[in-house]
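Taking it in order: structure first as structure tokens, then the write-up.
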Number of protein chains: 2
Amino acid sequence: MDTNFDKKIFIENFKHSCNKVQIKKFVKGETVTTYIEKRNQICILLTGKVELIRYDFNGNKTIIGNFEENDIFGEVFYPANTNNELFVVAKRNSEVLFFTYDSLFNKCRRNCDFHKNLVNSLSELFLDQIINLNLRIELLTKRNIRGKILSYFDILSKRSLHKTFSIPFSYTDLADFLSIDRSAMMRELKLLIDEGFIKKNGNKITLLF
Amino acid sequence: MDTNFDKKIFIENFKHSCNKVQIKKFVKGETVTTYIEKRNQICILLTGKVELIRYDFNGNKTIIGNFEENDIFGEVFYPANTNNELFVVAKRNSEVLFFTYDSLFNKCRRNCDFHKNLVNSLSELFLDQIINLNLRIELLTKRNIRGKILSYFDILSKRSLHKTFSIPFSYTDLADFLSIDRSAMMRELKLLIDEGFIKKNGNKITLLF
DNA sequence: TCATTTTTGTTGCTTTTGCAACAGTTTTTT
DNA sequence: AAAAAACTGTTGCAAAAGCAACAAAAATGA
């Protein structure tokens with residue numbers, strides 16, 4: 001990927017120069033936004049950590065997405081008439097930049113600098129998002145719990161460039177993220193340890209293959 | 001979504017004016033491209049139908065994505081070091097436009113018109129793709145076969161604006177797309193029929209709720 | 001610092017899903 | 001038009017995953 005694009009700098013410019021955007025702060029546990037009303041909202045997480053969550057009628061929680069600094073999310077990425085109530089909750093104190101997709105194509109009051117590269121940058125941000133979603137699909141299409149776990153660990157390992165890495169979730173949330181039962185996941189983790197595929201120490205995992 | 005953007009016209013302009021792109025034709029069954037080498041390739045399907053496929057070591061086939069006219073796909077959407085061999089196969093005779101992400105940010109020989117709206121259009125195309133991927137994740141995170149089937153049918157129903165719609169797959173492929181066992185899926189379909197939730201006639205489904 | 005809440009680890013049991021296999025259809029190819 | 005290939009529908013059985021429940025550990029927060 002084009003690594004000479006600096007997302008952070010882009011976002012800083014964006015934030016200070018443009019009257020088309022808003023910034024809000026949220027404390028842990030607060031609801032950042034819901035995906036009910038269609039307003040083509042896009043959000044960029046400036047600091048903190050948020051989760052996109054769905055509860056189904058059985059009360060099963062699914063973590064549809066988890067976002068970290070500079071990630072992009074928002075209701076614009078979901079089709080209008082889904083009958084799902086999705087909401088975004090701050091996992092930590094967070095700072096979020098809000099705007100609407102349409103507003104990007106109008107000039108702002110100060111006709112500010114960021115417009116020059118905005119759409120370029122937007123497609124770059126979108127591209128990152130697509131890559132993340134494809135990774136997620138990669139996991140979810142694995143046919144069994146072992147496959148899902150190992151795929152995810154593989155991604156984490158490659159991302160950290162080490163065989164040892166820490167899981168950015170509690171195990172409870174990891175299960176929700178992989179869309180599997182927690183106890184079944186724990187059982188499978190134990191099997192993976194017993195069979196010598198991985199080592200586990202708290203939330204640190206080491207791949208032994 | 002912004003519906004006044006006409007993807008088709010954009011693609012037509014693109015195709016005729018720009019020397020940065022290539023068009024190739026494929027007959028049914030041919031491999032369109034593989035996602036092995038990293039070259040930031042982007043493909044737009046002009047006509048036909050293609051599938052993005054993964055086979056795992058057990059020989060399980062998974063349809064990672066299925067693309068129709070004007071859809072966008074390509075290895076640029078996958079991170080560099082996945083150890084998966086993904087390939088794109090034509091399900092019907094197809095026509096595909098190829099380019100690389102990087103090439104978009106250079107001017108082409110004739111400095112052609114499409115550059116004006118190119119990045120805008122690109123982000124629009126990316127946005128469509130994100131919406132599709134989110135729908136896919138929506139399905140895949142459902143905890144059981146019934147949930148997956150009903151979610152998918154719900155999408156098809158909303159897309160067609162009718163309670164009756166046809167499935168754009170064979171049942172064999174549908175199972176691969178939902179990442180479930182075919183016979184288990186057939187069993188579940190039968191249950192759904194017996195319990196009065198759906199009607200089924202060939203590849204036409206009617207929702208009764 | 002103590003009480004409360006959340007998370008982890010574990011297990012027996014039940015339900016769901018996958019696998020294998022095969023016969024009958026339909027579609028495609030020659 | 002016949003042969004081959006792919007798809008559909010079905011089933012019994014085996015394996016995997018989900019559920020429920022609980023104790024212990026850790027984290028949170030008043």
Side-chain angles (χ1 to χ4, degrees), chain A residues 27-30 49 51 53 56-63 89-93 139-150 166-195 198-205, chain B residues 27-30 49 51 53 56-63 89-93 139-150 166-195 198-205:
Chain A
V27 300
K28 183 178 166 177
E30 253 189 298
K49 191 172 177 180
E51 278 179 353
I53 294 171
D56 66 22
F57 30 84
N58 301 322
N60 277 323
K61 173 182 165 190
T62 302
I63 298 178
V89 176
K91 283 293 274 187
R92 304 210 200 107
N93 293 349
L139 302 182
L140 292 172
T141 51
K142 292 291 155 66
R143 299 302 177 98
N144 51 37
I145 289 184
R146 176 166 294 206
K148 287 177 188 174
I149 291 173
L150 289 181
S166 49
I167 301 172
F169 287 116
S170 68
Y171 283 99
T172 304
D173 282 356
L174 177 59
D176 291 335
F177 183 71
L178 299 179
S179 207
I180 54 184
D181 179 73
R182 186 188 62 85
S183 67
M185 182 189 76
M186 297 301 277
R187 183 165 42 208
E188 197 64 39
L189 280 173
K190 206 179 156 203
L191 283 175
L192 283 167
I193 293 164
D194 292 349
E195 294 173 27
I198 65 170
K199 267 200 284 194
K200 172 171 172 298
N201 183 5
N203 79 334
K204 294 235 183 312
I205 297 289
Chain B
V27 299
K28 185 179 165 175
E30 253 189 300
K49 191 170 175 178
E51 278 178 353
I53 293 171
D56 65 22
F57 30 84
N58 300 323
N60 275 325
K61 173 182 165 189
T62 302
I63 299 179
V89 176
K91 284 291 276 187
R92 304 208 201 108
N93 293 350
L139 301 182
L140 292 172
T141 52
K142 291 292 155 67
R143 299 303 177 96
N144 51 39
I145 290 182
R146 176 166 294 207
K148 287 176 187 175
I149 292 173
L150 289 181
S166 49
I167 301 171
F169 288 116
S170 69
Y171 284 98
T172 304
D173 281 355
L174 176 59
D176 291 334
F177 183 71
L178 299 179
S179 206
I180 54 184
D181 179 72
R182 186 188 63 85
S183 68
M185 182 189 76
M186 298 301 276
R187 182 164 42 207
E188 197 63 39
L189 280 173
K190 207 180 157 204
L191 284 175
L192 283 167
I193 293 164
D194 291 350
E195 295 173 25
I198 65 170
K199 269 199 284 195
K200 170 171 175 297
N201 182 5
N203 79 334
K204 293 236 183 312
I205 297 289

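Hydrogens, waters and symmetry mates play no part in the numbers below; they use all other heavy atoms, side chains included. Letters A, B, ... are given to chains in the order of the sequence lines, protein chains preceding strands, and every chain is numbered from 1.
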Could you work out, with salt bridge (Lys or Arg N to Asp or Glu O under 4.0 Å) as the rule, every residue matching R146(A), not counting sequence neighbours? E188(A), E195(A)
For residues E51(B) and F169(B), determine if any side-chain heavy atom of one lies less than 4.5 Å from a side-chain heavy atom of the other. yes
Atom pair distance, as rounded to whole Å: CG in N203(A) and C1' in dT7(C): 12 Å
Taking C-beta and beyond as the side chain, do L140(B) and S179(B) meet within less than 4.5 Å on heavy atoms? yes
Backbone of I180(B) reached by a side-chain donor or acceptor of K148(B) within 3.5 Å: no
Just how far, in rounded Å, is C1' of dA16(D) from CD1 of I180(B)? 16 Å
Rounded off to whole Å, could you give me the CZ-to-C1' distance for the R143(A) and dC19(C) pair? 12 Å
From CG of L192(A) over to P of dT10(C), roughly how many Å is that when rounded to an integer? 14 Å
Can you give me the N/O atom pairs linking the protein to nucleotides 7-11 of chain D at distances under 3.5 Å, or say none if there are none?
from: dT8(D); atom 1: OP1; to: Y171(B); atom 2: N; distance (Å): 3.3
from: dT8(D); atom 1: OP2; to: Y171(B); atom 2: N; distance (Å): 2.9
from: dT8(D); atom 1: OP2; to: T172(B); atom 2: N; distance (Å): 3.0
from: dT8(D); atom 1: OP2; to: T172(B); atom 2: OG1; distance (Å): 3.2
from: dG9(D); atom 1: OP1; to: K200(B); atom 2: NZ; distance (Å): 3.1
from: dG9(D); atom 1: OP2; to: K200(B); atom 2: NZ; distance (Å): 2.8
from: dG9(D); atom 1: N7; to: R182(B); atom 2: NH1; distance (Å): 3.0
from: dG9(D); atom 1: O6; to: R182(B); atom 2: NH2; distance (Å): 3.0
from: dT11(D); atom 1: OP2; to: K190(B); atom 2: NZ; distance (Å): 3.4

Closest-nucleotide mapping onto DNA chain C: is D181(B) or K28(B) further toward the 5' terminus? I mean the 5' end. D181(B)
Quickly work out the N201(A) CG to dT8(C) P distance and round it to whole Å. 14 Å
If you apply the rule salt bridge (Lys or Arg N to Asp or Glu O under 4.0 Å), what do you find for D194(A) with K200(A), and how did you get there? CA-CA 11 Å; D194(A) 292 349; K200(A) 172 171 172 298; over 6 Å; no
Figure out the CG/C1' separation between L140(A) and dA17(D), and round it to whole Å. 16 Å
Rounded to the nearest Å, what distance is computed from the CD1 atom of residue I145(B) to the P atom of nucleotide dT16(C)? 11 Å
dT7(C) P sits how many Å from F177(A) CZ, rounded? 17 Å
Has the side chain of D176(B) got a donor or acceptor atom that lies under 3.5 Å from a matching backbone atom of T62(B)? no
